[in-house]
Student: 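My questions will all concern the structure given below.
Excluded from the calculations below are hydrogen atoms, water molecules and symmetry mates; all remaining heavy atoms, backbone and side chain alike, are included.
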Amino acid sequence: NVHLSAEYMLDPGFDKCLDEKKLLTWGAGKYVLVEMSYIAPTPQLEQYIFALRVKDYQPILAHPERYLFYHGDFTKLEALKQSGCQFQLNLLSLTGYYGTSVRRMSEKLLKKKMYDWAGTDLHNSDQLEALKRMTAQSRLMTKLLRYEFMNQKMYL
């Protein structure tokens, strides 16, 4: 089965989607995948997370390891987790596809058990080939298969 969903950019246009309750969710209409600019953090990020939670949505921040502005202040990511935001790992981040600093941050988040979900964020055939190469890395795959991602429980 295939289900329609979306990844939402947390910008001023998101307010309208949230107010009109026209969000494409998954997991019994509860989970909302969100992202922000890679250049600078969304100033209202905490307010968006709070608004989603108040409306009984579960926000999931896509690829937190790729937001370079958090690399120097890990406490901001910890605060997001404490506010009820879940994190989704972009699997390619662990391969170095987005650079060494992103790989290191993904490893740190994985080690601290801060990820809830894993995804591909697949956009093209080059990324597909990188994912295929990743599956040949037995040490990495063993670590991923042992991690308790919520993906495994989604449809049980």
Side-chain angles (χ1 to χ4, degrees), residues 1-11 14 17 23-42 45-46 48-49 52-53 56-156:
N1 292 332
V2 176
H3 302 275
L4 184 62
S5 187
E7 180 180 30
Y8 290 95
M9 179 64 73
L10 293 177
D11 60 15
F14 182 70
C17 292
L23 300 178
L24 294 174
T25 62
W26 49 281
K30 177 180 176 182
Y31 297 101
V32 178
L33 188 62
V34 297
E35 70 174 335
M36 59 185 148
S37 167
Y38 296 113
I39 298 168
T42 298
L45 178 59
E46 290 81 10
Y48 284 134
I49 300 301
L52 284 162
R53 303 277 297 156
D56 209 26
Y57 291 116
Q58 174 57 64
I60 302 169
L61 182 61
H63 40 69
E65 70 278 357
R66 291 177 58 195
Y67 302 116
L68 301 181
F69 44 81
Y70 287 143
H71 287 200
D73 190 356
F74 195 76
T75 61
K76 299 221 186 242
L77 289 172
E78 291 172 323
L80 278 173
K81 284 293 289 180
Q82 290 173 359
S83 73
C85 186
Q86 295 182 351
F87 290 169
Q88 181 191 44
L89 165 67
N90 178 330
L91 290 168
L92 283 175
S93 296
L94 287 169
T95 70
Y97 188 88
Y98 302 105
T100 303
S101 64
V102 171
R103 181 184 50 77
R104 285 188 191 132
M105 180 57 84
S106 63
E107 290 169 349
K108 183 176 183 175
L109 288 163
L110 201 62
K111 184 177 182 179
K112 291 189 173 278
K113 303 244 183 246
M114 291 180 68
Y115 286 118
D116 303 284
W117 303 92
T120 64
D121 202 16
L122 190 64
H123 290 272
N124 57 56
S125 59
D126 289 342
Q127 291 175 333
L128 178 60
E129 291 306 314
L131 283 171
K132 286 179 183 177
R133 286 190 302 275
M134 183 187 87
T135 62
Q137 299 176 27
S138 60
R139 195 169 130 227
L140 175 58
M141 291 306 297
T142 299
K143 182 188 294 188
L144 289 171
L145 290 170
R146 288 184 180 155
Y147 195 93
E148 293 186 26
F149 290 109
M150 291 177 64
N151 303 52
Q152 301 160 348
K153 302 170 189 163
M154 188 65 176
Y155 297 104
L156 296 179

Student: Side-chain contact test, heavy atoms from C-beta onward, threshold under 4.5 Å: evaluate it for P64 versus L109 and give yes or no.
Tutor: yes

Student: List the steps and the verdict of side-chain contact (heavy atoms from CB on, under 4.5 Å) for L89 and L94.
Tutor: CA-CA 9 Å; L89 165 67; L94 287 169; 3.7 Å; yes

Student: Taking only residues at least two apart or on different chains, which pairs with a member in residues 95-109 satisfy salt bridge (charged side-chain N to carboxylate O under 4.0 Å, His left out)?
Tutor: R103-E107

Student: In Å, rounded to the nearest 0.5 Å, how long is the span from OH of Y115 to CE of M150?
Tutor: 16.0 Å

Student: Among Y8, W117, Y57, which residue satisfies the ring-ring contact (aromatic ring centres under 6.0 Å, His included) criterion with Y31?
Tutor: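 Exactly one pass, corresponding to W117.
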
Student: So if I apply the side-chain hydrogen bond (donor to acceptor under 3.5 Å, both in side chains) rule between E65 and each of S106, S101, S93, which one comes out positive?
Tutor: S93

Student: Can you tell me if E148 has over 12 outside heavy atoms packed within less than 6.0 Å of its CD?
Tutor: no

Student: Search all heavy atoms of Y147 against all heavy atoms of M114 and return the closest pair with its distance.
Tutor: OH-N, 3.5 Å

Student: In Å, rounded to the nearest 0.5 Å, how long is the span from CG of L110 to CG of L144?
Tutor: 6.5 Å

Student: Report yes if the distance between the aromatic ring centroids of Y38 and Y67 is under 6.0 Å, otherwise no.
Tutor: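 When the ring centroids of Y38 and Y67 are compared, they turn out to be within the sub-6.0 Å range.
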
Student: Going by side chain to side chain contact (heavy atoms under 4.5 Å, CB included), name the residues that satisfy it together with D126, two or more places apart in sequence or in a different chain.
Tutor: Y97, N124

Student: Are more than 12 heavy atoms, taken from residues, nucleotides or ligands other than K81, located less than 6.0 Å from that residue's NZ atom?
Tutor: yes

Student: Are the side chains of Q127 and T120 in touch, meaning some heavy atoms are under 4.5 Å apart?
Tutor: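 Counting from C-beta outward, Q127 and T120 never come under 4.5 Å.
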
Student: Just so I know, are the side chains of T95 and R133 near enough to count as touching, which here means a heavy-atom distance under 4.5 Å?
Tutor: no

Student: Please report the C-alpha distance between F87 and L77 in whole Å, then the side-chain angles of each, then the deciding distance to 0.1 Å, and finally whether the side-chain contact (heavy atoms from CB on, under 4.5 Å) criterion is met.
Tutor: CA-CA 9 Å; F87 290 169; L77 289 172; 4.0 Å; yes

Student: Roughly how far, to the nearest 0.5 Å, is CD of E35 from CG of N90?
Tutor: 10.5 Å

Student: Are the side chains of L131 and L91 in touch, meaning some heavy atoms are under 4.5 Å apart?
Tutor: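 Side chain of L131 against side chain of L91, heavy atoms only: contact under 4.5 Å found.
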
Student: Heavy-atom distance under 4.5 Å between the side chains of L10 and L45, does that happen here?
Tutor: yes

Student: Evaluate the side-chain proximity of Y98 to L68: yes if any heavy-atom separation is below 4.5 Å, no if none is.
Tutor: no

